[in-house]
**Q** 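Please see the structure below; I have some questions.
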Amino acid sequence: MGKLLSIENVRWRAGGKEILRGVSFDMDLHQFVTVIGPNGAGKSTLIKQIAGVLPMQEGDIRLRGRSVRELEGRERARIVAYVPQTRDPDIPFTPRELVEQARYPYLGAFGKLSQSDRRLVDQAIALTRAGSFVDQPFGTLSGGEQQKVLIAAAIAQDTPLILLDEPTTFLDPSVQDEVYELLRQIRAERRVSILVVTHDLNRAILSTDRMIALRAGEIVRSGAPAEIAREDVLREVFGSEFLTIDHPTSGHPMILPRGES
Amino acid sequence: MRVTQKRPMLTLSLFAVFFVVAAVLGPFVGSQEITIADLVRGEGTTQFFIFWTLRVPRLLLGLLAGASLALAGLSFQTLFRNPLATPFTLGVSSGAAFGVAVAVLLNLGGYMFGIEVTPLFALLGAVLVIMILMRLSRTDAGLSTRDLLLAGVALSYFFSALLLFGQYLADFTQTFRMVRWLMGRLETIGYGPTLMILPAFVYGFLTLLLHRREMDLLLAGEEIALSRGVGVDSLRRQLYISASLLTATTVAACGPIGFVGLVVPHILRLLLGVTHGPLIVGSLLFGGPFLVTCDALARNVIPGAELPVGIVTAILGGPFFLWLLMQRRK
């Protein structure tokens with residue numbers, strides 16, 4: 001079977017610039033991993049290659065031991081689901097239609113949704129508490145509602161690995177909490193692995209098992225949140241100064257802006 | 001607001017009724033009155049001849065052309081994710097018109113290789129444009145829809161200019177033939193033009209129907225489609241080829257009948273929602289009889305004069321579409 005995800009020396013070049021310079025890491029079942037790093041570090045490029053949104057150049061990505069180069073699109077989509085960063089208000093479908101479309105990798109020749117497809121769609125909508133706006137046009141929903149719909153679609157895709165690109169950007173703090181709560185819940189209840197690209201360092205520290213810090217296309221540090229949330233490591237990753245302080249209830253180190261001295 | 005809780009099956013059934021009614025009544029419309037009794041009397045009468053050689057071919061051509069233009073418009077709108085795309089956006093019809101201009105200027109007429117010359121040259125002109133565009137929009141990352149759209153619009157203007165140049169060179173009779181062709185019409189003698197469209201229609205209809213789920217995902221967004229396992233590049237190619245062939249054969253057989261390809265997909269979306277399965281079936285069941293009805297009107301609005309249907313589709317289609325748009329906003 002092999003590991004759920006293994007990334008082997010992935011390189012990516014675009015417009016004469018090296019975006020990824022040999023990235024390697026593994027993920028097992030039931031893990032919650034975040035990729036952090038400054039803008040332009042290559043985080044989104046990496047996650048898009050895993051999702052099949054960008055093609056491979058050098059190196060390899062294996063899903064359950066099989067190279068994405070050999071996997072047919074729908075086979076890959078039965079292992080990994082992707083929640084994109086851009087939420088397009090022009091999407092003309094309703095949330096229910098979007099979630100139903102996520103069953104595409106499993107449809108037979110006639111393209112008809114089965115009873116069990118519909119059950120998974122209903123479960124995903126219930127889990128994300130999207131039921132109240134499921135028949136409204138996607139474009140009229142709030143940012144938080146749109147994000148829930150796209151996460152519901154990824155859940156309905158029923159894969160052991162879910163990727164999310166900046167899932168809390170543009171959302172208010174309470175919705176950010178809801179999104180991470182939802183991710184923890186699906187990981188616990190559905191035993192999936194979650195890989196998140198984010199700038200939201202503190203929520204990553206509070207929720208995830210492992211953090212991977214990318215800088216200029218290379219992994220500079222990787223480890224438990226406590227090993228990453230350190231002033232010296234953050235200086236190395238982001239090239240600027242931060243303060244850390246322990247969270248009053250959970251005890252996790254939290255990252256603060258330095259402020260005026 | 002539950003705008004998209006439509007009932008596509010009910011609406012499609014109504015379209016099917018419209019289709020049957022148009023197909024049954026269509027051949028009886030025209031300046032020569034024909035009754036069922038005339039047909040029963042059998043061969044040899046003028047009425048019998050008109051019915052089977054002019055009216056029925058015209059009906060079949062109308063049904064196929066209407067359905068083809070609707071499908072082509074739908075495909076281009078999804079391919080470019082742009083509601084303003086029409087079958088003629090990419091200059092396929094300009095290429096066809098240029099082909100016709102060449103045939104007219106060379107005073108070619110009659111048949112060549114057993115095919116009527118004017119539609120043959122129109123088809124060649126259209127296919128020329130399709131192939132140039134295919135070549136121009138090929139990139140390392142696959143078919144670029146942005147380049148395709150830009151190159152297509154540029155090519156459309158280029159061939160329109162060539163057509164004007166041809167008209168400048170032409171004499172009165174030749175110019176008249178070109179302009180008449182440009183108006184778009186369903187007049188036909190025998191089943192030749194229908195048979196020219198039929199293979200492209202069957203191919204296009206089945207290709208689109210088979211890819212209706214992929215088209216939904218493409219409309220939801222390229223990243224979403226790719227991540228759900230859609231082969232986006234191959235899908236785009238298939239959409240481009242299907243829609244182009246539907247357009248090319250229809251234009252070759254009937255001339256550029258405007259507005260059907262823009263308006264029908266939008267009418268269908270307002271009535272059926274945005275999911276492609278019902279839209280593709282609706283293109284056949286509604287697009288066909290829509291054009292046949294426009295043609296029946298075209299032949300009867302001015303007594304004694306049979307207007308080309310292309311004029312009527314544009315005159316009726318435009319305001320009707322605006323009315324529908326306003327209705328939706330209420």
Side-chain angles (χ1 to χ4, degrees), chain A residues 14 44 47-55 71-88 90-113 133-138 140 149-150 153-154 156-157 159 162-163 165, chain B residues 1-9 74 77-78 80-84 139-143 206-236 265-266 268-270 272-281 328-329:
Chain A
S44 289
I47 203 174
K48 282 180 185 174
Q49 286 191 289
I50 305 170
V53 171
L54 284 177
L71 283 168
E72 195 252 323
R74 300 202 322 162
E75 281 182 292
R76 192 204 56 242
R78 291 195 285 262
I79 304 175
V80 53
Y82 169 67
V83 178
Q85 183 184 1
T86 46
R87 290 186 285 284
D88 181 354
D90 289 337
I91 290 177
F93 297 101
T94 62
R96 179 178 292 282
E97 287 167 334
L98 279 172
V99 179
E100 283 174 354
Q101 287 168 13
R103 295 303 297 162
Y104 169 74
Y106 302 90
L107 295 182
F110 294 102
K112 196 133 181 65
L113 259 68
F133 46 83
V134 80
D135 291 318
Q136 290 176 21
F138 184 79
T140 65
V149 170
L150 293 180
Q157 203 173 323
T159 55
I162 297 179
L163 314 173
D165 196 354
Chain B
M1 192 163 69
R2 292 168 74 85
V3 283
T4 40
Q5 282 299 303
K6 317 235 174 200
R7 297 162 73 185
M9 286 320 278
L74 174 67
Q77 285 161 15
T78 298
F80 296 118
R81 296 188 78 209
N82 186 332
L84 291 178
T139 68
D140 290 341
L143 186 78
L206 291 180
T207 305
L208 298 178
L209 201 58
L210 219 56
H211 290 94
R212 63 192 194 281
R213 297 279 183 193
E214 283 94 337
M215 290 172 80
D216 289 342
L217 282 159
L218 187 64
L219 195 58
E222 180 176 357
E223 290 200 348
I224 289 181
L226 282 165
S227 73
R228 307 263 193 262
V230 176
V232 166
D233 189 47
S234 129
L235 174 65
R236 283 189 175 140
H266 283 286
L268 292 176
R269 272 188 213 102
L270 290 171
L272 293 168
V274 282
T275 308
H276 282 85
L279 288 177
I280 290 164
V281 177
R328 190 175 59 162
R329 213 178 281 168

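As the structure is a computational prediction, the values presented were derived from the model and not from experiment.
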**Q** Mind checking whether Asp88(A) and Arg81(B) have side chains closer than 4.5 Å, heavy atoms only?
**A**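 Answer yes - side chains close enough.
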**Q** Do you know which of Leu217(B), Ile224(B), Asp216(B) makes side chain to side chain contact (heavy atoms under 4.5 Å, CB included) with Tyr104(A)?
**A** Leu217(B)
**Q** Which bit of Val230(B) comes within less than 4.5 Å of chain A, counting heavy atoms only: side chain, backbone, both or neither?
**A** both
**Q** Which atoms form the tightest heavy-atom contact between Leu226(B) and Gly52(A), and what is the distance?
**A**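 Heavy-atom minimum between the residues: CB-O, 3.9 Å.
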**Q** As an exercise: rank Gly73(A), Pro55(A), Ala81(A), Ala51(A) by heavy-atom pairs under 4.5 Å with chain B and give me the winner.
**A**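 The answer is Gly73(A).
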**Q** Can you give me the closest heavy-atom contact between Val274(B) and Pro92(A), atom names plus distance?
**A** CG2-O, 3.5 Å
**Q** For residues Gly229(B) and Ala77(A), report the shortest heavy-atom separation together with the two atoms involved.
**A** N-CB, 3.8 Å
**Q** Give, for atom CZ of Arg76(A) and atom OG of Ser227(B), the distance between the pair rounded to the nearest 0.5 Å.
**A** 7.5 Å
**Q** Where is the tightest heavy-atom contact between Lys112(A) and Arg213(B), given as atom of each residue plus distance?
**A** CA-NH2, 4.1 Å
**Q** Side chain, backbone, both or neither: which part of Ile79(A) has an atom under 4.5 Å from a heavy atom of chain B?
**A** neither
**Q** What heavy-atom pair brings Ile91(A) and Ala220(B) nearest, and what distance separates the two atoms?
**A** CG1-O, 3.3 Å
**Q** Taking side chain as everything from C-beta outward and backbone as N, CA, C, O, which of these in Leu54(A) sits under 4.5 Å from a heavy atom of chain B? Side chain, backbone, both or neither.
**A** neither
**Q** Are Glu223(B) and Gln85(A) close enough that some pair of their side-chain heavy atoms sits under 4.5 Å apart?
**A**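 Sidechains of Gln85(A) and Glu223(B): no contact.
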**Q** Checking Val80(A) against chain B: side chain, backbone, both or neither under 4.5 Å from a heavy atom?
**A** backbone
**Q** Measuring heavy-atom distances to chain B, does Gln101(A) have an atom under 4.5 Å in its side chain, in its backbone, in both, or in neither?
**A** both
